[in-house]
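Read through the structure below, which is laid out as structure tokens, and then see the notes.
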Amino acid sequence: MRQNDELQLDKFDTKTFQKELLGWFEAEQRDLPWRKDQDPYKVWVSEIMLQQTRVDTVIPYFHRFIEKFPTIKDLAEAEEDSVLKAWEGLGYYSRARNLQTAVKEVHEKYDGVVPNTLNEISKLKGVGPYTAGAILSIAYDVPEPAVDGNVMRVMSRILTIWDDIAKPSSRKVFEKAIRALISHENPSYFNQAVMELGALICTPTSPSCLLCPVREHCQAFAEGVQTELPVKTKKKSTKKVKLGAVILKDKEGNVLLHKRPSEGLLANLWEFPNCEISSLRYGKKQVEAYIKEEYNIDATIENGILTKIDHVFSHLTWNVEVYIGEVHHFAQQEDLRAISAQQLEEEYALPVSHQKMWKYYNEGKQS
DNA sequence: TATTCGTGGGT
DNA sequence: TACCCAAGAAT
């Protein structure tokens, strides 16, 4: 079908499609830690972690997170810094803070029971249309669509849907398709099966159509256009930002850390004092002026850079010059602390870019 | 609706 | 090297 056409499902063998897809999933599904049971809390945590993040990356984080926060009550009562520390390196850190905000609401408003209605669960922080459908279907067996990138890729090929999946408005087209095809006998497995098919068989670049359990139902395979779907417009390139950062120690060997603002990039994570600089040539002078004026830090920064760190985010690139120095005096503040190296590593969540600086500082290794 | 929000792996 | 991607949500 072309864009804006109606879905053509009158000749689609829905029952056979469900049977073959579910049969494949029951035989081939991966043994994942969040599939041990249907605990809504664990399903919830896994779905938040899996947003824009690979399964292999999530697995060790999921184990550690559940071990540290086994129940909704444990997470609700935890310090935010400890939650961010458990999330350190996983990215998109607002996921962790929104998750704890929502868990607190469930703990207080719903007596620790994750709500099982679309209306209630959709109001929770960090729970959008996909995650709402995922929790409802996977944990509560509610036949609600859970449309993620996998589902859009798979269904665009099955039904030759040519809508641009990069457009937010396209999601409703796929929700409509899933509503028409979802198994009401086992919506949990159905939604997971579509995603699993996308992850294992119906992959973005070279789908394994000869291994696909539902290729007889696939309109794109029948027409030989599976590699042309889904349609997805590409985003523009990233901008570059030059930073100067400084690792400062006091006479006792404690390290100075600054807590980032509560909104925006890497919100509430800790970092070495740094600022944007107009020129790498004058980086040291600008960092010196910044820490003196903004934080009233009396320090000596050594001449010459320790190293340069390039860090690529999804929408921008940092080019960081790293300096070292000694603190003589500063005013202790909520967002500025001198801590031991051990505390830094065990309690304070740093962005990966600053972890790289710390690693280089201690080991002199390039990365 | 378009942009912001991370990171590590694949090609 | 330079993209693209991977179980999205908030603004």
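Bear in mind the structure is a predicted one, so any value in this text is a computation, not a measurement.
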Report the residue from A:Tyr348, A:Tyr93, A:Trp270 that forms a side chain to side chain contact (heavy atoms under 4.5 Å, CB included) with A:Leu84. A:Tyr93
Within residues 185-204 of chain A: residues closer than 4.0 Å to DNA chain C (heavy atoms): A:Met195, A:Pro204
Taking only residues at least two apart or on different chains, which pairs with a member in residues 29-44 of chain A satisfy salt bridge (Lys or Arg N to Asp or Glu O under 4.0 Å)? A:Arg30-A:Glu196, A:Asp31-A:Lys36, A:Arg35-A:Glu196, A:Asp37-A:Lys42
Identify whether any heavy atom of A:Thr53 sits under 4.0 Å from a base atom; if not, whether one sits that close to sugar-phosphate; answer base, sugar-phosphate or nothing. base
Footprint ends on DNA chain B, 5' to 3', for atoms under 4.0 angstrom from a heavy atom of chain A, come out as B:dT1 to B:dG8
With sequence neighbours excluded, tell me which residues meet ring-ring contact (aromatic ring centres under 6.0 Å, His included) with A:Tyr130. none
Under 4.0 Å, counting only non-hydrogen atoms across every strand here, what does A:Trp318 touch: a base, just sugar-phosphate, or nothing? nothing
Using heavy atoms and a sub-4.0 Å distance, could you list which residues of residues 78-98 of chain A are near DNA chain B? By number, please. A:Gly89, A:Leu90, A:Gly91, A:Tyr92, A:Tyr93
Strictly below 4.0 Å, N to O, side chains only: are A:Arg171 and A:Glu175 in salt-bridge contact? yes
In whole Å, what separates the P atom of B:dC5 from that of C:dA6? 23 Å
In whole Å, what separates the P atom of C:dT11 from that of B:dG6? 13 Å
Is the side chain of A:Asn98 donor-acceptor paired with the backbone N or O of A:Ser94 at a distance under 3.5 Å, no angle test? yes
Nearest-angstrom distance, P atom, C:dC4 to B:dT3: 15 Å
In numerical order, the residues of residues 123-146 of chain A whose heavy atoms come under 4.0 Å of DNA chain B are none
